[in-house]
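Since the structure comes first, as structure tokens, the remarks are kept for the end.
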Amino acid sequence: MKITICACSSRTFIDRSEVVKVAVAARQAGIEVSLVADLCELCEKKDKEVHEIAKTTIVACHQRAVKSLMAFVGEEGDGEHQSPVKSLNLRTGSANDVLEALGIKPVEVSADDIAEWTKQMEAMPRKLGDDAWYPVLDKEACAECGKCLAFCPFGVYEMVDERIRVVHPTHCKNNCPACARTCPASAIIFPKYDRSPINGGEEQQEYAVKLDTRELYAQTLRDRLLTRKKLMK
């Protein structure tokens, strides 16, 4: 058995001390542990490593977000010879929750253990404001209405074989989740957003946000004009 833990190195959603607890206990239980800096970035680049990661149990953020990230790289896990992708939530769950799901008992973490894993995480690149930020789609929820395609000023989405796809993830504006707010099915997920359901979580924390659709579209138009001006220079 092998687990892959995403450290989410450019953000602070994953508690490093919880990562250490999981990594130490899993290793002591004979489980191979791999630590990656940013699962979103690996998926954005369609890195070959992702296909190996998909065969492991992924310890990262919300399960719906991880499932959609894997689907984005073609690892839906529902093929005849393909097992479903397994993931555990360390973003809102604790290390003990993850270990229980793995069938492992928590162990005492020594100072040497903390130093070893902390050193690995501190060596990982931090791309503040320039890390991998883009939407992924919950295919089961998406109604293919095309509102995101019509709304996005940056050309992130395209219609492929009559289905909406995230084709140009690097075009997305960092920290902008506006398209997700226009989705009537809540099918657009930004794994690094801070509130549910946009980040793939089950809570409805965005109910407190009242959207002004006219202003959103006006801002979209302004962004499109600004983008055109930059391209014409």
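As the structure is a computational prediction, the values presented were derived from the model and not from experiment.
The closest donor-acceptor contact from the side chain of Ser9 to the backbone of Pro125 lies under 3.5 Å. Between the His171 side chain and the Val156 main chain, no donor and acceptor come within less than 3.5 Å of each other. Here the side chain of Thr118 pairs no donor or acceptor atom with the backbone of Ala115 at under 3.5 angstrom. A donor-acceptor pair under 3.5 Å links the side-chain atoms of Lys192 to the main chain of Ala132, judged by distance alone. Thr56 contributes a side-chain N or O that, together with a main-chain N or O of Ile53, makes up a donor-acceptor pair within less than 3.5 Å. Put simply, the side chain of Trp117 never gets that close to the backbone of Val19: no donor and acceptor are under 3.5 Å apart. Using modelled atom types, one side-chain atom of Asn174 and one backbone atom of Asp131 make a donor-acceptor pair closer than 3.5 Å. Distance alone, capped at 3.5 Å, places no donor-acceptor pair between the Trp133 side chain and the Cys172 backbone. A distance-only check finds a donor-acceptor pair linking the side chain of Ser110 to the backbone of Asp113 [under 3.5 Å]. At least one donor-acceptor pair under 3.5 Å links the side chain of Gln63 to the backbone N or O of Ser87.
Side-chain heavy atoms closer than 4.5 Å link hydrophobic residues (I, L, V, M, F, W, Y) into clusters, and following such links, even through other members, never connects Phe13 to Leu35. No path of Ile, Leu, Val, Met, Phe, Trp and Tyr side chains, each step under 4.5 Å between heavy atoms, connects Ile14 with Tyr193, placing them in separate hydrophobic clusters. If you chain together hydrophobic residues whose side chains sit under 4.5 Å apart, Val59 and Val66 never meet in one group. Note on Val167: it does not cluster hydrophobically with Leu69, by side-chain heavy-atom contacts below 4.5 Å among ILVMFWY residues. In the hydrophobic cluster analysis, where Ile, Leu, Val, Met, Phe, Trp and Tyr join through side-chain heavy atoms closer than 4.5 angstrom, Ile58 is grouped together with Val73.
Taking the charged nitrogens against the carboxylate oxygens, Lys127 and Glu41 do have a contact shorter than 4.0 Å, which makes a salt bridge. A salt bridge links Glu144 and Arg163; the closest N-O separation between the charged side-chain nitrogens and carboxylate oxygens is under 4.0 Å. At a threshold of 4.0 Å, the pair Lys67-Glu75 does not count as salt-bridged, since none of the basic side-chain nitrogens sits closer than that to a carboxylate oxygen. Using a 4.0 Å cut-off between charged side-chain N and carboxylate O, Arg11 and Asp194 make no salt bridge.
Here the shortest heavy-atom pairing between Ala23 and Val33 reads O-CG2, 3.8 Å. Of all non-hydrogen atoms in Val136 and Ala65, the two that sit nearest each other are CG2-O, 4.4 Å.
For the atom pair CD1 of Ile114 and NZ of Lys21, the computed distance is 9.0 Å after rounding to the nearest 0.5 Å.
The closest side-chain heavy-atom distance from Glu32 to Met1 is not below 4.5 Å. Here the side chains of Ile164 and Cys148 are in contact, with some heavy-atom distance below 4.5 Å. No side-chain heavy atom of Cys179 sits under 4.5 Å from any side-chain heavy atom of Lys147. With contacts defined as side-chain heavy-atom distances shorter than 4.5 Å, the pair Ile31/Ile3 qualifies. A 4.5 Å side-chain heavy-atom check between Val166 and Phe72 finds at least one atom pair inside the cut-off. Between Pro106 and Glu100, every side-chain heavy-atom pair lies at or beyond the 4.5 Å cut-off. The shortest distance between side-chain heavy atoms of Val98 and Leu102 falls below 4.5 Å. Between Ile5 and Val36, the closest side-chain pair of non-hydrogen atoms is not below 4.5 Å.
The ring of Phe190 has its center no closer than 6.0 angstrom to the ring center of Tyr134.
Within 6.0 Å of the CD atom in Glu116, the count of heavy atoms belonging to other residues, nucleotides or ligands exceeds 12. Annotation for Lys86: atom NZ does not count as buried by contact number, only 12 or fewer foreign heavy atoms lying within 6.0 Å. Other residues, nucleotides and ligands contribute more than 12 heavy atoms inside 6.0 Å of the NZ atom of Lys46.
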Test Ser17 against Asp15 for side chain to side chain donor-acceptor pair (under 3.5 Å), laying out the working first. CA-CA 6 Å; Ser17 64; Asp15 189 321; 2.6 Å; yes
Could you go step by step and tell me if Glu52 and Lys55 meet the salt bridge (Lys or Arg N to Asp or Glu O under 4.0 Å) rule? CA-CA 5 Å; Glu52 293 303 314; Lys55 299 174 185 177; 3.2 Å; yes
Walk me through whether His168 and Glu158 qualify under side chain to side chain donor-acceptor pair (under 3.5 Å). CA-CA 8 Å; His168 303 289; Glu158 286 187 13; 2.9 Å; yes
